[in-house]
Amino acid sequence: MSAVEAVLALCLPGVIPAVALSGMEPATLFLIPLAGAVMAALAAILEFGVTGSLVGWFIPIAIVANLASAVYLVRRRPRRRASGPSPLWQPVGLAVVLAGVSWPLLALQVPNIGFDAHATWMVHTALIWNGHQAMTRLASPYYTLSSNSSYPPLVPAAGALGYAASGHLSERLAVAITVLLNASAVGLVGTGLLRTVPPGAPRNRRLGAMVVAFLFCGAVFGIAGIYATNGYADLLWSAGALAATVYGLVLPREWRNLAVAWLALLVASLTKDEGFLVGIAISLLIAARYAWPVAAPRVRWLLQFGAMAVGPLIPAAVWFALIHEKGISSGYFGSGGTEALSMRLAATSVTVSHQLYGGVAALIVLVLGALRLRQRRSGLGLANPAWLWTAALAGLALVGATYVLGAIPIHWWLWTSIDRSTIFVQMVFLAGMTLWMLVLLSGVPSPALHRSTTAPLSPPLVRRPESASATP
């Protein structure tokens with residue numbers, strides 16, 4: 001029963017906020033635990049920076065978030081619903097994605113806690129569970145050297161909340177909660193990809209799209225490998241960043257898609273240092289897409305752009321400011337020490353290139369899709385694929401820069417982590433190919449046949465001239 005209590009403690013506070021963000025959509029089920037984890041991370045930041053305990057901060061944060069979400073749900077205007085021949089296609093699609101992210105989790109039947117999970121995440125979870133005084137030990141040289149004290153607190157905070165709900169410390173429980181968050185983030189991406197196929201598409205095409213989404217979810221777990229189920233957090237930040245990319249840089253510009261993208265950015269940036277760096281690039285791209293073209297006064301536009309770009313990253317920025325204030329260093333943001341930058345760059349370039357063979361296939365599919373399916377993709381209201389590829393290349397460049405400029409010995413660092421650090425880029429390539437397959441299955445030849453499930457941005461974030469009607 002302790003596992004059930006832990007999952008309920010994490011998920012129940014996230015139900016109303018998730019419904020406020022996404023409505024009664026398939027994605028809502030996967031947003032619930034992610035929203036609870038974000039609230040737990042915010043509580044851990046306050047615990048570390050102020051005083052008190054995780055639960056002492058989590059309860060008021062959850063109350064405020066639920067009250068604000070409830071007020072929004074009561075006061076919001078009714079939204080236009082999608083029209084289609086079968087009202088059951090969304091529940092069926094949800095079941096397919098749920099199956100796709102669930103069957104790989106059978107590996108949990110065999111206990112497996114990875115090295116980093118022991119050395120970093122379990123240690124941080126125990127410290128957060130024991131309150132402010134225990135968390136301050138992250139600043140000691142021992143924890144800084146052995147457990148990556150600079151890592152953001154989302155994963156250990158969710159595990160510590162499980163400890164508090166169950167009443168005892170259990171590393172297997174903490175790993176199970178991490179795996180639940182991994183599966184939820186992947187499921188959020190899967191349901192987002194399914195949204196590219198409109199309700200009016202023929203039944204056989206919708207079924208084909210569901211098969212594609214199922215295979216995508218399985219392939220993501222194949223990319224992550226054992227790191228998806230042994231307590232590591234690399235899949236979580238990668239899937240969170242990809243969800244932000246899909247909802248913010250691929251799907252049509254809608255308030256609901258933007259809100260989901262922002263929550264996904266919170267998840268990515270509060271999970272690992274790399275997630276924060278990649279999240280900066282994705283947040284800037286989302287702000288640029290939603291604020292473009294410039295039609296308002298320049299100062300007002302810059303303020304709106306800045307608020308959209310910075311807002312989702314504020315909690316992670318506060319965490320890293322606290323880390324800096326307490327003198328905790330990070331191997332990701334140090335200097336290369338005695339190793340020459342040219343040597344670190346050469347080693348990084350060669351090693352990273354071995355992880356990117358999927359990019360060749362994705363590039364071929366991109367060219368074929370652009371030649372044969374460009375009008376159909378535009379008819380679905382999807383963004384130009386340049387946004388997706390820019391996010392992938394920016395993420396690759398930032399992750400590569402951490403290796404080149406970091407303080408950890410380069411060859412050992414690459415040997416122990418490159419297969420995890422490149423999960424995001426490999427997932428983006430896979431998502432790009434999946435999107436073109438779904439466009440092919442959509443069977444929508446013209447923009448007139450696309451019907452969004454939610455109202456478009458109205459009024460727009462920045463007023464646009466009448467001639468600027470194309471979706472970027």
Side-chain angles (χ1 to χ4, degrees), residues 112-125 127 137-153 155-156 178 223-228 230-238 241 268-269 271-281 316 319-320 322-357 359 392-427:
N112 182 18
I113 304 177
F115 177 83
D116 276 9
H118 268 302
T120 300
W121 302 118
M122 299 301 109
V123 172
H124 292 194
T125 301
L127 294 177
R137 298 177 189 173
L138 289 172
S140 69
Y142 172 79
Y143 287 107
T144 300
L145 291 173
S146 64
S147 68
N148 297 300
S149 296
S150 66
Y151 279 177
V155 167
T178 303
I223 291 173
I226 195 173
Y227 304 119
N230 68 349
Y232 280 58
D234 302 276
L235 177 57
L236 179 56
W237 82 256
S238 300
S269 62
T271 298
K272 284 195 74 176
D273 294 3
E274 305 100 303
F276 176 61
L277 287 176
V278 175
I280 292 174
W319 169 260
F320 286 107
L322 289 172
I323 289 295
H324 178 75
E325 187 269 333
K326 296 182 182 296
I328 298 175
S329 61
S330 170
Y332 289 87
F333 308 121
S335 63
T338 59
E339 296 176 317
L341 286 180
S342 59
M343 186 269 286
R344 295 181 69 94
L345 176 61
T348 301
S349 301
V350 172
T351 308
V352 169
S353 66
H354 294 164
Q355 306 292 322
L356 303 179
Y357 295 121
L393 295 177
L396 179 63
L398 288 170
V399 170
T402 63
Y403 284 102
V404 176
L405 303 176
I408 303 173
I410 187 62
H411 293 292
W412 180 86
W413 193 6
L414 289 168
W415 176 61
T416 56
S417 66
I418 194 62
D419 54 342
R420 295 180 283 121
S421 299
T422 55
I423 288 176
F424 167 70
V425 179
Q426 295 180 65
M427 288 175 61

Nearest 0.5 angstrom please: [X] [atom1] to [Y] [atom2], how far?
{"X": "Asn112", "Y": "Ile226", "atom1": "CG", "atom2": "CD1", "answer": "4.0 Å"}
{"X": "Asp116", "Y": "Asn230", "atom1": "CG", "atom2": "CG", "answer": "9.0 Å"}
{"X": "Ile223", "Y": "Ile423", "atom1": "CD1", "atom2": "CD1", "answer": "8.0 Å"}

Taking it one step at a time, do Trp237 and Val278 satisfy side-chain contact (heavy atoms from CB on, under 4.5 Å)? CA-CA 9 Å; Trp237 82 256; Val278 175; 3.8 Å; yes

Name the orientation class of the two ring planes belonging to Trp121 and His124 (parallel below 30°, tilted from 30 to 60°, perpendicular beyond 60°). perpendicular

Kindly write out the residues that satisfy side-chain contact (heavy atoms from CB on, under 4.5 Å) with [X], not counting sequence neighbours, or none if the list is empty.
{"X": "Leu356", "value": "Val352, Leu396, Val425, Phe429"}
{"X": "Ala394", "value": "Ala281"}
{"X": "Phe115", "value": "Ala119, Tyr232"}
{"X": "Ser417", "value": "Tyr403, Trp413, Arg420, Ser421"}

So does [Y] get a backbone contact from the side chain of [X], meaning a donor-acceptor N/O pair under 3.5 Å?
{"X": "Trp319", "Y": "Ser150", "answer": "yes"}
{"X": "Thr402", "Y": "Val399", "answer": "yes"}
{"X": "Ser269", "Y": "Phe276", "answer": "no"}

Do [X] and [Y] have side-chain heavy atoms sitting under 4.5 Å apart?
{"X": "Thr422", "Y": "Ile418", "answer": "yes"}
{"X": "Asp273", "Y": "Pro152", "answer": "yes"}
{"X": "Val123", "Y": "His118", "answer": "no"}
{"X": "His411", "Y": "Arg344", "answer": "no"}
{"X": "Thr348", "Y": "Leu414", "answer": "yes"}

For Ser149 and Leu138, the nearest pair of non-hydrogen atoms, with its separation, is OG-O, 2.8 Å

List the atom of Thr351, the atom of Ala347, and the distance in Å for their closest heavy-atom pair. OG1-O, 2.8 Å

Set of side-chain hydrogen bond (donor to acceptor under 3.5 Å, both in side chains) partners for His324, sequence neighbours left out: none

Suppose we screen for salt bridge (Lys or Arg N to Asp or Glu O under 4.0 Å). Which residues come up paired with Asp419, at least two apart in sequence or across chains? none

